2 protein chains.
Amino acid sequence: MNLDDLIGQSGEWLRGSGPESDIVISSRVRLARNLARFPFLTRTNDEQRDEIHVSIKSALDHAGLVENGHCYVDLDQASDELTSRFLLERHLISRELANGTGGRGVLFNRSEMLAVMVNEEDHLRIQAIRAGFQVEDAHKDIARLDERLDATLEFAFSERFGYLTACPTNVGTGMRASVMLHLPALVFTKQIDKVFASVTKINLAVRGFYGEGTQASGDFFQISNQITLGIAEKEIMGLLDRVVPRIVAYEREVREHLLRKDRIRLEDRVWRALGTLQAARSINSEETMNLLSAVRLGVNCGLLDDVNISTVNELFILTQPAHLQRLKRRELDAGERDATRAEFIRRHLDL
Amino acid sequence: MNLDDLIGQSGEWLRGSGPESDIVISSRVRLARNLARFPFLTRTNDEQRDEIHVSIKSALDHAGLVENGHCYVDLDQASDELTSRFLLERHLISRELANGTGGRGVLFNRSEMLAVMVNEEDHLRIQAIRAGFQVEDAHKDIARLDERLDATLEFAFSERFGYLTACPTNVGTGMRASVMLHLPALVFTKQIDKVFASVTKINLAVRGFYGEGTQASGDFFQISNQITLGIAEKEIMGLLDRVVPRIVAYEREVREHLLRKDRIRLEDRVWRALGTLQAARSINSEETMNLLSAVRLGVNCGLLDDVNISTVNELFILTQPAHLQRLKRRELDAGERDATRAEFIRRHLDL
């Protein structure tokens, strides 16, 4: 599999339609793991770092993961910024891995629902991602992969603390479970802060579309567990299982209220967003995210019959800067990107 | 002719296509006249005011102006605000006449190219309006009408000062000649103030879409003579004949520059405007004017082939609040107006 194979479409988790997928975009579980025989990355030199990289690549090979249909991208060798940005935009790697230096890389499968980052903050970051609200299925995927790797690699583990990780916030299960929610009605009616205030009180964290430290964009929010120590994996998932359906119900309630009481304002916002996306000759990334969010809301509220929801979902990723540049096979300045983005959107939303 | 006959379309001067009509919307000449045997309106009582009104109506009758195809609207009797606003929106009466009290009215012909206001600031305000840049033709129309009225009515006239008027700024010829210009490119590129600075230096006044004291809206500007005393009618027209073509040339030059050097930004603005007008479910009057202005620019620059310029021109008038309310045959609150306006625009711009 070649990276260029990915350009035309997003990962399957974004195209798919899992439970509650009008509001829950995806469910993700990731595990942090480290090799017992090496220090954490904050304390390695370049040689050790490369040794870790090679060991893990070999283990991935033995685990049968670098098979046909999987893709390993060696970020040290690839080394061009565009590739890192491209993988980041697809949620296959983190900003930390993208911006890092030295031996590191990522393995992922064709559907992009499984990925292993090597030498990010920890030696290994394993993630499974599923469309819609399927945290437990994502957890099953990740547990299987973890077992296969465990058979080859000796992970740093303490009977007392559990898995040992570079940052104490990950010690224990090393697990973070998260769901990506699309909450345009709660944002539109300015009720989102109230939701987040209650969520953070029960030790859940709220992050933006591109994870830690990123802005909420396109009304997307990731909700994940804050704590990994002294809490079982089941408990983490249980917490999301209790909280997420309540947020989903709240968002639905506000949507229904808008449809009943403020229909013209809602229709106006939705139709203008679609009209602008179909008409613009130049559009930046932020405006695109916001307008696509309104269109997505419109489709899910039954206001826009002719728009395909998976087209809208994919456009969130495919209109990002590195995607447009890979599409055009060259670097584009900001003006060129905005014109290319507008043209790309028009082609995909031409009803 | 009934006022309801007017609802579906604007006056002919706006639909027509005179010289330079891509930039010069219309040319207008108006004369201020007063009856010699009555005081100015600032010094009349209600009875005298009514007497003036009756005398002039009778003269208009004798002049053969209240014939089939003409319309006289008695604003005292009509007395509902919506009718006044409706006539104001069509540029048939001034704000002063609309907001006035007591015996007053307006006569106009089917094409709306001739109109006589009775008991505005002066006893009579006669206007002729033509599509495009045709000040001299408008002047011929008005001169003919003035002669016919002069044959029946004795106007206040002094050998030394010329026609006497309620406000000294109109004494002399009593004439104001003006052209309505559409200057979106000069506004877009922020060069409009420079133009106006030079125009006002040579004793021309710049006003908005609805005349004295109104905001520039939709990038429309009226340019007219400031002085009526000690200057012949020919000189007033000569001044406009010299200045207007230079402004027109400047606007064209900037349009061509934009098309050559900043085409994507221009196209983006034009297409977004059209897209928004075609999509909105609620839109206020000001936004409508601004977007229509961009669409009008787009049509005249050859960027929007499928849009009819006279449709765009008419929408500037037909989307005004009183027009929408006459269309719906009832008063509408602001929210209803904005929704009605959006629907009306969509129907007319559905390509």
Side-chain angles (χ1 to χ4, degrees), chain A residues 188 258-288 290-292 294-295 297-299 301-307 319 324 328 332-351, chain B residues 188 258-288 290-292 294-295 297-299 301-307 319 324 328 332-351:
Chain A
F188 187 36
L258 284 171
L259 279 166
R260 268 199 321 275
K261 302 284 182 188
D262 214 356
R263 192 178 181 99
I264 288 192
R265 198 160 69 106
L266 181 64
E267 287 185 340
D268 187 52
R269 191 188 175 90
V270 162
W271 278 99
R272 277 172 183 252
L274 181 61
T276 303
L277 288 168
Q278 289 175 324
R281 261 57 186 168
S282 172
I283 190 164
N284 68 26
S285 186
E286 194 190 339
E287 188 186 3
T288 300
N290 291 334
L291 296 178
L292 284 172
V295 170
L297 174 64
V299 175
C301 285
L303 298 175
L304 301 174
D305 291 338
D306 297 336
V307 181
T319 58
L324 295 173
K328 289 280 179 186
L332 305 172
D333 65 31
E336 291 173 322
R337 282 203 301 273
D338 291 352
T340 303
R341 182 179 293 112
E343 194 198 335
F344 187 85
I345 294 169
R346 286 204 310 281
R347 209 165 59 232
H348 282 75
L349 289 180
D350 184 22
L351 304 180
Chain B
F188 187 37
L258 284 170
L259 280 166
R260 269 198 322 273
K261 302 285 183 188
D262 214 355
R263 192 177 182 99
I264 288 192
R265 196 160 71 105
L266 181 64
E267 286 185 340
D268 187 52
R269 191 187 174 91
V270 163
W271 279 98
R272 278 171 182 251
L274 179 62
T276 302
L277 289 168
Q278 289 176 324
R281 262 55 186 168
S282 173
I283 190 163
N284 68 26
S285 186
E286 193 190 340
E287 189 186 3
T288 299
N290 291 334
L291 296 179
L292 284 173
V295 170
L297 174 64
V299 175
C301 285
L303 298 175
L304 301 174
D305 291 338
D306 297 335
V307 181
T319 57
L324 296 172
K328 288 280 181 188
L332 304 172
D333 65 31
E336 291 172 321
R337 282 203 301 272
D338 291 351
T340 303
R341 182 179 294 114
E343 195 198 335
F344 188 84
I345 294 169
R346 287 204 308 283
R347 209 165 59 232
H348 282 74
L349 289 181
D350 185 21
L351 303 180

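In what follows, chains are A, B, ... by sequence order, proteins preceding strands, each numbered from 1. In this text the structure is predicted, and so the values were computed from the model without any measurement.
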> Taking Arg265(A), Arg269(A), Glu287(A) one by one, which has the highest count of heavy-atom pairs under 4.5 Å against chain B?
Replying inline: Glu287(A)
> What part of Ile264(B) is in contact with chain A, defined as an atom under 4.5 angstrom from a non-hydrogen atom: side chain, backbone, both or neither?
Replying inline: both
>> At a 4.5 Å cut-off on heavy atoms, which part of Gln278(B) comes close to chain A: side chain, backbone, both, or neither?
In response: neither
> Out of curiosity, Ser282(B) OG to Arg263(A) CZ, how far, rounded to the nearest 0.5 Å?
Replying inline: 14.5 Å
>> Ignoring hydrogens, what is the shortest heavy-atom contact between Ala279(B) and Gly275(A)? Give both atom names and the distance.
In response: CB-CA, 3.9 Å
>> Quick test of your reading of the model: are Glu267(A) and Arg346(B) salt-bridged, counting only N-O distances below 4.0 Å?
In response: no
>> With side-chain contact (heavy atoms from CB on, under 4.5 Å) as the criterion, how do Arg281(A) and Leu266(B) come out once you've worked through the C-alpha distance, each side chain's angles and the decisive distance to 0.1 Å?
In response: CA-CA 9 Å; Arg281(A) 261 57 186 168; Leu266(B) 181 64; over 6 Å; no
> Which region of Ile283(B), side chain (C-beta onward) or backbone (N, CA, C, O), has a non-hydrogen atom less than 4.5 Å from a non-hydrogen atom of chain A, or is it both or neither?
Replying inline: both
